[in-house]
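As structure tokens, the structure follows; a few thoughts come after it.
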Amino acid sequence: MSDPSTPWPATTPLSGTERLILNAERGDADDPALDLSAAARHGQTMFLGSDEGVRLERLIGDGEGGWGQHRRFPLDAILDLDASGEADIEGLAEEHGWLWVLGSHARTRPKIGKQGDDRIDLTQFATLKNTRPRCLLARLPLAADPELDSAVLPVRRDGDRRAGMLRQTKYGNRLSRLMQESALLRPFTRIAAKEGGVDLEGIAVAGNRIAIGMRGPVIQTYAVLLEVEVVPTRTGRLKILGPMHIRLLELDGLGIRDLKRDGADLLILAGPTTGLDGPCAVYRWTDWLGDPPRHDQIVRRHRPDRIIDLPFGRGDDHPEGLVLIDLPEGRRDLLVICDSPAAARIDPTTHSVRCDRFRLPDRAG
């Protein structure tokens with residue numbers, strides 16, 4: 001871990017920007033550009049998740065730094081789930097033509113107080129919302145879009161491939177149950193997210209091996225990464241096999257905001273676990289694929305390398321999602337997507353948001 005007396009380094013210079021145009025028809029109060037919380041790419045198709053509603057946003061790249069042709073996909077049209085509450089989508093991953101979707105599994109405190117009213121009802125404030133709608137772990141087959149060349153769209157069924165998810169129970173799902181059964185994590189399952197409670201953000205997939213990031217809790221100074229083995233049943237429903245493994249990471253006291261596989265490596269977006277502004281960075285876990293969990297209870301401390309130091313705002317510009325961008329001559333950039341983007345990033349006339357790109361150092365760099 002870094003010496004705590006050493007100042008946080010200067011932010012990494014930008015290598016470019018991309019513009020996401022989210023102009024599909026929507027309600028007057030619904031602006032997805034303000035609530036982006038997860039991202040994944042398949043070729044020139046980008047999928048985005050939001051911490052509001054129960055849907056995916058899809059954009060198509062133009063090869064020149066623009067992403068448009070916005071289309072929305074309600075998840076309850078693809079999965080058998082209740083769309084009455086928000087899924088709080090906090091992780092997206094694409095592997096071999098499947099799109100994986102992760103909800104936060106978080107308990108939340110109600111938003112209270114009207115503008116101009118400083119009074120707080122403590123009884124209402126003490127009530128935590130049910131986690132069930134946010135207990136979502138699903139995978140969706142991606143199929144060719146018959147209306148758009150080179151684009152893909154999520155579907156309920158594509159040949160023998162079926163959309164499926166972990167079965168939702170009255171209070172959650174099997175993953176939330178495993179967290180409640182963990183001696184280490186159990187106390188945090190009763191606490192609201194952003195206050196130290198369970199808050200899942202980021203998913204990475206390698207076959208049946210699934211890595212899930214935890215924005216919270218950060219325990220002492222260790223970030224927590226969960227790993228489970230997930231398999232489909234005959235009907236497409238997902239099932240967790242075996243135990244849930246807990247990995248402890250030294251990320252300078254930060255929690256995990258997103259995960260992205262880079263070959264055998266794992267890229268980790270990290271930031272404050274609470275709602276406070278603070279340092280954010282990208283770390284590389286070299287050869288994560290070759291470093292599986294080895295024991296249920298005796299674990300090692302992992303020390304990923306910090307490779308990119310990100311800018312962050314004050315009350316805005318919260319880095320939440322990563323997308324790998326392929327460039328000419330084998331170069332690659334990492335696109336960083338922010339929740340609550342600063343006003344300077346938003347173009348209200350085109351319903352677009354500007355996102356920063358950073359050159360991705362290679363493993364030797």
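Residue numbers run from 1 in the order of the sequence given.
- Looking at residues two or more places apart in sequence or on another chain, you find a salt bridge (Lys or Arg N to Asp or Glu O under 4.0 Å) between Asp309 and Arg306.
- Applying the salt bridge (Lys or Arg N to Asp or Glu O under 4.0 Å) test to Arg55 and every residue at least two apart in sequence or in another chain returns Asp30, Glu57.
- Counting heavy-atom neighbours within 6.0 Å of Arg161 CZ, excluding the residue itself, gives a total above 12.
- Atoms CD and CG, from Glu95 and Leu142 in turn, are 12.0 Å apart once rounded to the nearest 0.5 Å.
- With sequence neighbours excluded, the residues forming a side chain to side chain contact (heavy atoms under 4.5 Å, CB included) with Arg132 are Asp82, Asn130, Gln168, listed by chain and number.
- With respect to the salt-bridge test (charged N to carboxylate O, under 4.0 angstrom), the residues Asp160 and Arg234 do not qualify.
- At a threshold of 4.5 Å between non-hydrogen side-chain atoms, the residues Ile203 and Leu137 count as touching.
- Residues meeting the side-chain hydrogen bond (donor to acceptor under 3.5 Å, both in side chains) test with Arg209, sequence neighbours left out: Glu227.
- Counting heavy atoms from C-beta on, the side chains of Asp339 and Leu36 never come closer than 4.5 Å.
- Arg215 meets the salt bridge (Lys or Arg N to Asp or Glu O under 4.0 Å) test with Glu201, Glu320; sequence neighbours excluded.
- Residue pairs meeting the ring-ring contact (aromatic ring centres under 6.0 Å, His included) criterion with at least one partner in residues 294-314, sequence neighbours excluded, are Trp285-His302.
- In summary, the side chains of Ser15 and Asp333 do present a donor paired with an acceptor at a separation below 3.5 Å, with no hydrogens or angles considered.
- Enclosure of atom CZ in Arg294 by more than 12 non-hydrogen atoms of other residues, nucleotides or ligands within 6.0 angstrom is indicated.
- In this structure, Val231 belongs to a hydrophobic cluster whose other members, linked by side-chain heavy atoms under 4.5 Å apart, are Leu241.
- Under the side chain to side chain contact (heavy atoms under 4.5 Å, CB included) criterion, Ala163 pairs with Ile78, Leu79, Leu140, Pro141, not counting sequence neighbours.
- The 12-atom threshold is not exceeded at CZ of Arg237, counting heavy atoms of other residues, nucleotides or ligands nearer than 6.0 Å.
- Using modelled atom types, one finds no donor on one side chain facing an acceptor on the other under 3.5 Å when comparing His351 with Asp31.
- Using a 4.5 Å heavy-atom threshold, the side chains of Arg58 and Leu148 count as touching.
- Checked against side-chain hydrogen bond (donor to acceptor under 3.5 Å, both in side chains), Thr233 has the following partners two or more places apart in sequence or in another chain: Thr235.
- When atom types are taken as modelled, the side chain of Arg257 and the backbone of Pro272 share a donor-acceptor pair closer than 3.5 angstrom.
- The environment of Arg167 atom CZ is sparse: at most 12 non-hydrogen atoms of other residues, nucleotides or ligands sit within 6.0 angstrom.
- Just one residue in the list Arg354, Arg41, Arg357 forms a salt bridge (charged side-chain N to carboxylate O under 4.0 Å, His left out) with Glu18, and that residue is Arg357.
- Partners of Arg301 by side-chain hydrogen bond (donor to acceptor under 3.5 Å, both in side chains), not counting sequence neighbours, listed by chain and number: Tyr222.
- Residues that satisfy the side chain to side chain contact (heavy atoms under 4.5 Å, CB included) test with Pro311, not counting sequence neighbours, are Thr11, Asp356, Phe358.
- Partners of Arg19 by side-chain hydrogen bond (donor to acceptor under 3.5 Å, both in side chains), not counting sequence neighbours, listed by chain and number: Ser352.
- In the model, Asp88 has no side-chain atom that pairs as donor or acceptor with a side-chain atom of His105 under 3.5 Å.
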